[in-house]
2 protein chains.
Amino acid sequence: MPASQQAHDLRMTLWELLTQHTLRPGDRLPSERQLLEHLNTTRITLREALSQLEAEGRIYRESRRGWFLSPPRLRYDLLAGLPFHEMVESQRRRAATELLEAHETAASATVARRLGMAEGTPVYRIVRARSIDGRRVLYVEHHLRVDCFPDILAFDLAACSLTELYRREYAIRVSRVSFELGSTGLGHRAASALHAAPGSPVQRITRINHDQNGRMVDCDDEYWRHDAIELTLSAAPQS
Amino acid sequence: MPASQQAHDLRMTLWELLTQHTLRPGDRLPSERQLLEHLNTTRITLREALSQLEAEGRIYRESRRGWFLSPPRLRYDLLAGLPFHEMVESQRRRAATELLEAHETAASATVARRLGMAEGTPVYRIVRARSIDGRRVLYVEHHLRVDCFPDILAFDLAACSLTELYRREYAIRVSRVSFELGSTGLGHRAASALHAAPGSPVQRITRINHDQNGRMVDCDDEYWRHDAIELTLSAAPQS
DNA sequence: CAAGCAAACTGAACTAGACCAAGAAACCCT
DNA sequence: AGGGTTTCTTGGTCTAGTTCAGTTTGCTTG
């Protein structure tokens, strides 16, 4: 039997072991050492197989806490413009937001380029971690133009959607969005916020919001646990 | 020094070693055993570090052939509606397409659902592998409605864009597209077409094309090497 | 000179352990 | 009952090798 066949077998055996084990989405898997007792292999090989299941999005891990069965992916319609909490709850899941940072700072070169301003111009920086059904799945860094949203830091930024605030308190509607999407590895700041191992695969979504006058008003960098979402989108192509 | 620090150090040391080594994008790295001579660690640890650089998209591997420095990502505008070859060449890269399969078959449940037909209805199945600058980066499976595109298999499907064929030969314009995006692991069919290890991280793009009458005419599943692309998109949100 | 074959190299996969530090749980004392 | 401390479990990382199979390369032969 070729070696790669064995790896494939191990993955299948492991998967059967897990699914027949009457595990439900979000449940913790037995410990690596316990799994070994049923699998006749070594820890490193087992971890390799677990990592592959992780890459496929069937299981995930929380750093030093264990492996878990992945819940179904959240469907995220990029153009629906739905706030996070509404999007999550419309799919019968429970949403939560935690505020990690909120202060004024100087725009980095990247942020400045995106917002069409000079490097070092003051911006509001808001960093949040968001959960679905108690699991941290999203780490977001927002950067807002200070001149568009004066004193926005005074509001309750954990409870309320930013776009909602824009509309209600500042009469700014997001009328155009630009996205950049890609998959990379987690930086260790985002990793620790998501209880994930640094370098684990992540879906990055960078977003720039334009208001009704075409002005770029804010941008954000979203890092999603890659097994937690499926992006959807429907539109007319330009050509 | 904590263990994770060492892992991080190794990654940095390795990265410095590579960049100062005057490697250019697409170049092959020294063999794992050669790298070990400079790094004072073991093979497994080294491979762990290489895998992390791979997850970040800085290097990639071709199965049993070695590790390579990643070229810059191709920017893929989802709504531009540009054929692959034009998109690639407009970014001064060289495009190539290889036809892997082209035949009539029965629609699977998934394909049937997407195209709004009954399972088992005949469809054309076209499978292609596409390269940028000689590197296989994309594996695509197309499924076309037979009634929309009779005898399309007679055309040269490697040389020509499908949407171009639709328009020129069948007077069908793609006037609406629906996407589903996510990141998963490579299945071993796609993996071997891309010379990649099965289970390596991949950006999946599923696309359903609608014609000018709103009819779903074809769908495709694209599997991109995750370090090869950055998706972009600009549109007005619906709310 | 070209084609075919064999050897060397290289990544893929695996074995069989070990130590450490972060979490979780149990425990104890106040 | 509550808060803090200790203990135990668990994942994270590492050592030091081996075996196997696909690629590449170079040599030989017709």
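The basis for the numbers below is simple: all heavy atoms, side chains too, and nothing from hydrogens, waters or symmetry mates. The structure displayed is predicted, hence computed values, not measured ones. Just so we're on the same page: letters track the sequence lines, and every chain starts at 1.
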Which word best sums up how the rings of B:Tyr223 and B:Tyr139 line up, parallel for under 30°, tilted for 30 to 60°, or perpendicular for over 60°?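 Aromatic pair B:Tyr223/B:Tyr139 classed tilted.
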So does [X] get a side-chain nitrogen or oxygen closer than 4.0 Å to the phosphate oxygens (OP1/OP2) of [N]?
X: A:Thr41; N: C:dT15; answer: yes
X: A:Ser31; N: D:dT9; answer: no
X: A:Arg47; N: C:dA13; answer: no

Could you tell me the separation between the [atom1] atom of [X] and the [atom2] atom of [N], rounded to a whole number of Å?
X: A:Glu48; N: D:dG12; atom1: CD; atom2: P; result: 14 Å
X: B:His188; N: D:dG22; atom1: NE2; atom2: C1'; result: 17 Å
X: A:Leu46; N: C:dA16; atom1: CG; atom2: P; result: 15 Å
X: A:Leu29; N: D:dT10; atom1: CG; atom2: C1'; result: 13 Å
X: A:Leu36; N: C:dA16; atom1: CG; atom2: C1'; result: 11 Å
X: B:Ile59; N: C:dG11; atom1: CD1; atom2: C1'; result: 13 Å
X: A:Arg61; N: C:dG23; atom1: CZ; atom2: P; result: 15 Å
X: A:Leu35; N: D:dG11; atom1: CG; atom2: C1'; result: 12 Å

Is B:Arg135 salt-bridged to B:Glu62, cutoff N-O under 4.0 Å?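 Looking at B:Arg135 and B:Glu62, the cut-off is not met.
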A:Arg130/A:Glu222 salt bridge by N-O under 4.0 Å criterion: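 Salt bridge flag = no for A:Arg130 with A:Glu222.
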Donor-acceptor check, side chain of B:Arg47 to backbone of B:Glu32, threshold 3.5 angstrom: yes or no?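 Side chain of B:Arg47 to backbone of B:Glu32: no pair is present.
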Counting distance only, does the side-chain N/O of A:Arg73 pair as donor-acceptor with the main-chain N or O of A:His226 below 3.5 Å?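 Present.
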Nucleotide nearest B:Glu32 (side chain, heavy atoms from C-beta), chosen from D:dT23, C:dG23, C:dA12: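 So the side chain of B:Glu32 is nearest to C:dA12.
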Under a 3.5 Å threshold, yes or no: a donor from one side chain and an acceptor from the other, between A:His85 and A:Thr97?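 On atom types as modelled, these side chains qualify, holding a pair under 3.5 Å.
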Which residue, B:Pro198 or B:Gln34, contacts DNA chain C at a nucleotide closer to its 5' end, judged by nearest heavy atom?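 Per heavy-atom nearest nucleotide, the more 5' residue is B:Gln34.
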All N/O donor-acceptor pairs, side-chain side in residues 100-112 of chain B, below 3.5 Å, sequence neighbours left out:
residue: B:Glu101; atom: OE1; partner: B:His103; partner atom: NE2; Å: 2.9
residue: B:Glu101; atom: OE1; partner: B:Arg125; partner atom: NE; Å: 2.9
residue: B:Glu101; atom: OE2; partner: B:Arg189; partner atom: NH2; Å: 2.8
residue: B:Ser108; atom: OG; partner: B:Val111; partner atom: N; Å: 3.2

Protein-nucleotides 17-20 of chain C N/O pairs under 3.5 Å:
none

